[in-house]
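I have placed the structure first, in the form of structure tokens, so that the comments after it can refer back to it.
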Amino acid sequence: MTIHVYVGPTLPAAEVTAASADARLHAPAQHGDLLRARPREGDRVLLIDGYYHQAGSVRHKEILDLLDSGVTVIGAAGLGAIRAAELSGLGMIGVGEIFEQYRTGDITGDDEVAVAHGEPPDYRKFSEALVNIRHALGRAADDGALDQREAASLLRCARALPYTARSWHAIDETAQRTEPWLRPALRRLRDLRRVDPSASDLKALDARRALHYLAGAQPPPAPALGRRQNPGWHTRLLHDWKARFRGGLVGDIYVDDLSVARYQQLYDRAFPGRWRALVLARIAGISQPGTAAGDPATSALRAAADAGLSYESLSAAQRAEWLTPGELAGLPPGEAMITLLVRSYQPSRGLSELVDVSAGPLIAKQAIRSCVAAAFATNEATAARAAHWQLSHLNRHVLGLQLAGIWGADPADLAALDACARDRGLASFGAAVEVFRPFFLKQRADEAGQPAGTLPTPAGVSS
């Protein structure tokens, strides 16, 4: 069993490792991080901190996907408490007072747990979470240091501040400026906090409770399986995320599976054949290409006919959309229909089907991942040497000429270029050009015999 802990400003790393020596520490989670870590059945994930302002936050279906894979997911303190409250009925485990407050609706805003903080590894906090302020004021009222009116007024001052500017100092200044009658209460509150400053940090207290839970102090509850009764939550978007966020390191460069598949989609001469086999199998209802008796093409044609689709039923304009003039004139109807089916296919599982068709022997070869990593390194080195030369600035016409050359196609024959792209699972040649963009600089450097990071010729860039 592997334990994954996503934590940043709420607790220092040393405290987490002291509580769970085997824990694998991660930075505060953002969109894709849970998928990228690829925890396995039986693993445990503790989500404490997560980004949501400067980066996309962890999506609910990322967590559901882990739960569906037999991973225990626990949330507490920060973003973890929010997600646990939202998914507690679907199998995620929530721990602590903050989780309970979100679950019951006593608090609802994301800003209750939000803090501004510095860079890793220290994640120095620049602001105070509203839930901590609320907790400290409640304790002070319970201890008699504040009355209810004073506590409510100070909380109002805190809530009026943006989360990035909330601090005890800022609350003090705001209250003294706008409600000077609170000055005696502020002095009493400062004295109380000085005696035990950690007592007001509810996020840290809840995170420690979660670590204690994670260590196995009590068994996890039985997961709620209601989500499995509705498989519709496995959307195409979720499958696309899996394709984008799963991969591995080549040296110190992260290479995702989708980029490896895209590289093969563009460069591998055998790829159209593999894509055709997958598409025909999908249309014919065969789970894996090459596993059914009979001809998949015949089965695909029969499935299309059963759905009311045949070559004869298509208009001339529909045929011309997917077939080149030469194919319209020369292909027999059956082969023309098969070609049309392959080129018009829309993967029901999105980009993950592209990864599937690329996941044969080629995807396992380190050489391919190394090629992708080298392209990424070239892009980074180029941007570092000339910040205004970004991938988005690359001229589409030059990209298209380069890609047509790789495919051995006539760059002036737009119908043939679209056909080449669609035979490789791309919507059009224009879409293929965008897929090629991350690989262009390395391609040009290789052709010119230049080292990685050397700037391409000016013709490759537009302002």
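Note that the numbering runs from 1 along the sequence shown for the chain.
- Nearest heavy atom pair, residue V372 against residue V260, reads CG2-CA, 4.1 Å.
- Checking side-chain atoms of Y163 against main-chain N and O of A129 turns up no donor-acceptor pair under 3.5 Å.
- Taking a cutoff of 4.0 Å between a charged side-chain nitrogen and a carboxylate oxygen, D206 and K203 do not qualify as a salt bridge.
- Between the D22 side chain and the T2 main chain, no donor and acceptor come within less than 3.5 Å of each other.
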Step by step, work out the side-chain hydrogen bond (donor to acceptor under 3.5 Å, both in side chains) result for H4 and H26. CA-CA 7 Å; H4 300 266; H26 302 271; 2.9 Å; yes
Residues D268, R424; criterion salt bridge (charged side-chain N to carboxylate O under 4.0 Å, His left out); working and verdict: CA-CA 10 Å; D268 180 16; R424 294 173 175 271; over 6 Å; no
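- R349 has no carboxylate O lying under 4.0 Å from a charged side-chain N of D240, or vice versa, which leaves the two without a salt bridge.
- Between Y123 and H117, the ring-plane angle classifies as perpendicular under the 30° and 60° cut-offs.
- Although no hydrogens or angles enter the test, the distance criterion places no donor-acceptor pair under 3.5 Å between the side chain of R209 and the main chain of V95.
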Could you go through R38 and D257, starting from their C-alpha distance and side-chain angles, then the distance that decides it, and tell me whether this counts as salt bridge (charged side-chain N to carboxylate O under 4.0 Å, His left out)? CA-CA 13 Å; R38 305 187 83 159; D257 288 349; 3.6 Å; yes
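- With respect to the salt-bridge test (charged N to carboxylate O, under 4.0 angstrom), the residues E15 and R208 qualify.
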Dump the intermediate steps for side-chain hydrogen bond (donor to acceptor under 3.5 Å, both in side chains) on Q101 and E112, then the final yes or no. CA-CA 11 Å; Q101 290 176 36; E112 289 279 351; over 6 Å; no
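- Side chains of D49 and T10: a donor on one and an acceptor on the other come within 3.5 Å.
- In this structure, the side chain of S167 does not engage the main chain of E128 through any donor-acceptor pair within 3.5 Å.
- Comment: E62 does not engage K242 in a salt bridge, judged by the lack of any side-chain N to carboxylate O separation of less than 4.0 angstrom.
- A perpendicular orientation is assigned to the rings of F436 and F440, their planes being inclined by more than 60° (bins at 30° and 60°).
- Under 3.5 Å, the side chains of Y267 and Q443 contain a donor-acceptor pair of N or O atoms.
- Note on D43 versus R40: no salt bridge recorded, every NZ/NE/NH1/NH2 to OD/OE distance being 4.0 Å or above.
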Kindly indicate, with the supporting measurements, whether the criterion side-chain hydrogen bond (donor to acceptor under 3.5 Å, both in side chains) is fulfilled by D256 and S259. CA-CA 6 Å; D256 59 282; S259 293; 2.8 Å; yes
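- In this structure, R343 pairs ionically with E327, as a charged nitrogen and a carboxylate oxygen lie closer than 4.0 Å.
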Chi angles and distances behind the salt bridge (charged side-chain N to carboxylate O under 4.0 Å, His left out) call for D201, K125: CA-CA 12 Å; D201 194 345; K125 290 194 292 185; 3.7 Å; yes
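- Counting heavy-atom neighbours within 6.0 Å of D306 CG, excluding the residue itself, gives a total above 12.
- The environment of H60 atom NE2 is dense: over 12 non-hydrogen atoms of other residues, nucleotides or ligands sit within 6.0 angstrom.
- Here the CD1-CZ distance, from I98 to R103, works out to 14.5 Å after rounding to the nearest 0.5 Å.
- Within 6.0 Å of CZ in R246 there are more than 12 heavy atoms belonging to other residues, nucleotides or ligands.
- The pair E434-R396 counts as a salt bridge, with a side-chain nitrogen and a carboxylate oxygen less than 4.0 angstrom apart.
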Passes side-chain contact (heavy atoms from CB on, under 4.5 Å), K442 versus F439? Steps please. CA-CA 6 Å; K442 181 64 168 64; F439 306 113; 5.9 Å; no
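- How far CG of L340 is from CG of L328: 9.5 Å, rounded to the nearest 0.5 Å.
- Of the charged side-chain nitrogens involved, none lies within less than 4.0 Å of a carboxylate oxygen, so that R59 and D65 do not count as a salt-bridged pair.
- When all heavy atoms of A210 and A76 are compared, the closest pair comes out as CB-CB, 3.6 Å.
- Between the side chains of R83 and S57, a donor-acceptor pair is found at a separation under 3.5 Å.
- Remark: aromatic rings of F245 and H31 are close, center separation under 6.0 Å.
- Under the 4.5 Å side-chain criterion, counting only non-hydrogen atoms from C-beta, L426 is in contact with R262.
- Looking at S88 and F99, their side chains come closer than 4.5 Å, going by heavy atoms from C-beta outward.
- The closest side-chain donor-acceptor pair between Y345 and E353 falls under 3.5 angstrom.
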